[in-house]
There are 2 protein chains.
Amino acid sequence: MTRSARRSEGTRGTRQARSDKSREQILLAALDLALEHGYQGTTMAAVSASSGLPIGSVYWHFKSKEQLFVALLEHCYTAWMELHSGPEGLRRKLSRGIAGLSGADPEHYTKEEALLKAAAVWALSRQLGGLGEDNEVRAAYLRMRVEMFKVDVERITESLPADVVERFPDLPAKLTVLSLALTDGFYVHANSDVHLELDFAEYADMAARALEGLVDDYARRAAGERT
Amino acid sequence: MTRSARRSEGTRGTRQARSDKSREQILLAALDLALEHGYQGTTMAAVSASSGLPIGSVYWHFKSKEQLFVALLEHCYTAWMELHSGPEGLRRKLSRGIAGLSGADPEHYTKEEALLKAAAVWALSRQLGGLGEDNEVRAAYLRMRVEMFKVDVERITESLPADVVERFPDLPAKLTVLSLALTDGFYVHANSDVHLELDFAEYADMAARALEGLVDDYARRAAGERT
DNA sequence: GTCTATATGAGGATAGAC
DNA sequence: GTCTATCCTCATATAGAC
């Protein structure tokens, strides 16, 4: 929205609309390609071919590959925030994060969410995917991650018994970290070809039970101290 | 060991020894670089520079970058198998896998183990690190992974109560998957710069408690059915 | 704003002297 | 076996016509 000056009236915004459409085409093409091939694996030539627009146009809309991916992340981040504004406990979060990987729950696990998962691995592992120290994509992702983590912690906090949270104030954050580690770990496995035929739904359930058991332990401790 | 024909006697193996030493230098340089920069990020030029040998020598010892990494994986796999031949329960496995990441336990968490963790992410996620479908490094790793998984399951099986294993025969494998997912997930986080100051030892403990709680559930179910 | 042709640079790999 | 110089491919990015 910060780009392209207001053009003359009378064109009914047609030119602008066409430009916006091109921009979106490029973004959507990049989304698909990035999911399939990752950051390094996605070439600007492929984005150009897949979007149907010539390479020059791609570079007209995005001044570099890095900027293209920053814009892509912003697009996905916005979508994520809308999706996760509602209540969401541990079990649901693990279910979405793990079971969602199998593709069994397609309408709930969007491409945008999937890309953010992918970006987690790109950005968090310097050594992977080519996001070096001073990469703008990496920096943008890390900023977003902090915000998403906060939202996750809020949702988990809401879903726990108030007395447990009061007694163990940093439990929600810790559970969020464990939950993220689990979903990230399964994400890696899900992108393997050697699935070993994992039943992700079952693992999501096991993971949820494991963390819920942990919560029960803390709840018992909180209750025990009160007597 | 399959390379270079027996040379004439009288040289006391000096030439051979020098060649072997060069080979090892290259391998060790590649190990360090791969840990730091990953597969794509490790250039043959860098390996050459870091090992002190010219690029031509690197290509004399290893016919391609892929072959170099296959050899590197084999080196690490051998080391891993030696390390994990002894008994090892869930808690110890998680402790090594998660707490070991912090570098707090340096003598126990070797570079070779670290490289295999890295390779897990390279190889399992096609879209990352550039290990495409028909990459020999990927294929080699997947073969090794199957073997390492078997060893993991054996160790977990040994560490569980016999009656529980008898009642739930695939529980060890499932716990192994969960344990791997957790360690892989934390590996991703550990390689982030944004540690959020995670206390890996504490998380290793929480993860162990969570999985042990799961085992207790199954143990109770097994016991309950018996009465 | 859109498109074609091309510059530039990096990285894997080879040739061939020593 | 070791080393230097060089080739080839491919991906990012730009120039400039339309």
Side-chain angles (χ1 to χ4, degrees), chain A residues 3-8 11-27 29-30 33-34 37-70 129-132 134-137, chain B residues 3-8 11-27 29-30 33-34 37-72 129-132 134-137:
Chain A
R3 37 191 319 289
S4 80
R6 183 73 64 254
R7 65 258 162 256
S8 67
T11 60
R12 270 166 294 133
T14 313
R15 237 206 286 273
Q16 176 69 25
R18 251 191 82 191
S19 176
D20 284 354
K21 198 186 163 206
S22 292
R23 187 184 148 91
E24 196 186 331
Q25 275 176 5
I26 295 166
L27 233 29
L33 287 168
H37 304 291
Y39 179 74
Q40 301 228 52
T42 299
T43 68
M44 293 301 261
V47 172
S48 159
S50 179
S51 68
L53 275 71
I55 187 83
S57 294
V58 176
Y59 276 98
W60 189 89
H61 286 283
F62 305 94
K63 86 168 213 290
S64 70
K65 182 178 178 178
E66 283 192 19
Q67 286 307 311
L68 168 60
F69 273 77
V70 168
L131 300 192
D134 52 352
N135 182 296
E136 290 184 52
V137 181
Chain B
R3 37 194 316 291
S4 81
R6 183 73 64 255
R7 67 262 162 248
S8 67
T11 59
R12 268 168 296 134
T14 313
R15 235 205 289 272
Q16 177 68 25
R18 252 191 82 191
S19 176
D20 284 353
K21 196 185 165 208
S22 292
R23 188 184 148 90
E24 196 185 333
Q25 275 175 5
I26 295 166
L27 233 29
L33 288 168
H37 304 290
Y39 179 74
Q40 300 228 48
T42 300
T43 68
M44 293 300 263
V47 171
S48 159
S50 179
S51 69
L53 274 71
I55 186 82
S57 294
V58 176
Y59 276 98
W60 189 90
H61 286 283
F62 305 94
K63 88 169 211 290
S64 69
K65 183 178 179 179
E66 284 192 18
Q67 286 307 311
L68 169 60
F69 274 76
V70 168
L72 181 56
L131 300 192
D134 53 351
N135 182 296
E136 291 184 52
V137 182

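Every chain is numbered from 1, with letters handed out A, B, ... down the list of sequences.
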What's the [atom1]-[atom2] distance between [X] and [N], to the nearest Å?
| X | N | atom1 | atom2 | value |
| --- | --- | --- | --- | --- |
| W60(B) | dT4(D) | CH2 | C1' | 18 Å |
| I55(B) | dC8(D) | CD1 | C1' | 15 Å |
| L68(A) | dA11(D) | CG | P | 16 Å |
| F62(B) | dG11(C) | CZ | C1' | 19 Å |
| K21(A) | dT2(C) | NZ | P | 11 Å |
| Q25(B) | dG1(D) | CD | C1' | 13 Å |

Let me confirm one number: the [atom1]-[atom2] distance from [X] to [Y], rounded to the nearest 0.5 Å.
| X | Y | atom1 | atom2 | value |
| --- | --- | --- | --- | --- |
| R18(B) | S22(B) | CZ | OG | 6.5 Å |
| M44(B) | L33(B) | CE | CG | 11.5 Å |
| Y59(A) | Q67(A) | OH | CD | 11.5 Å |

*Are OP1 or OP2 of dG1(D) and a side-chain N or O of S57(B) less than 4.0 angstrom apart?*
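Checking S57(B) against dG1(D): no side-chain N or O falls below 4.0 Å of OP1 or OP2.
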*Verify the contact: side-chain N or O of S64(A) to OP1 or OP2 of dT12(D), cut-off strictly under 4.0 Å; return yes or no.*
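Answer is no, no contact under 4.0 Å.
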Nucleotide nearest [X] (side chain, heavy atoms from C-beta), chosen from [options]:
| X | options | answer |
| --- | --- | --- |
| M44(A) | dA13(C), dT12(D), dT2(C) | dT12(D) |
| S19(A) | dG1(D), dA13(D), dG1(C) | dG1(C) |
| Y59(B) | dT4(C), dT14(C), dT12(D) | dT14(C) |
| Q16(B) | dG1(D), dA5(D), dG1(C) | dG1(D) |

_If you assign L53(B) and K65(A) each to the DNA chain D nucleotide with the nearest heavy atom, which residue ends up on the more 5' nucleotide?_
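It is L53(B) whose nearest nucleotide is closer to the 5' end.
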*So, do L68(A) and L27(A) sit near enough that their side-chain heavy atoms are less than 4.5 Å apart?*
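Sidechains of L27(A) and L68(A): in contact.
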*Is there a side-chain contact between E136(A) and F69(A), using heavy atoms and a 4.5 Å cut-off?*
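E136(A) vs F69(A): side chains apart.
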*So what does T42(B) hit on the nucleic acid, given a heavy-atom distance under 4.0 Å: a base, only sugar-phosphate, or nothing?*
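Sugar-phosphate only.
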_Categorize T43(B) for me: base, sugar-phosphate, or nothing, with a 4.0 angstrom heavy-atom threshold over every strand shown._
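The answer is sugar-phosphate, as T43(B) gets under 4.0 Å only of primed atoms, P, OP1 or OP2.
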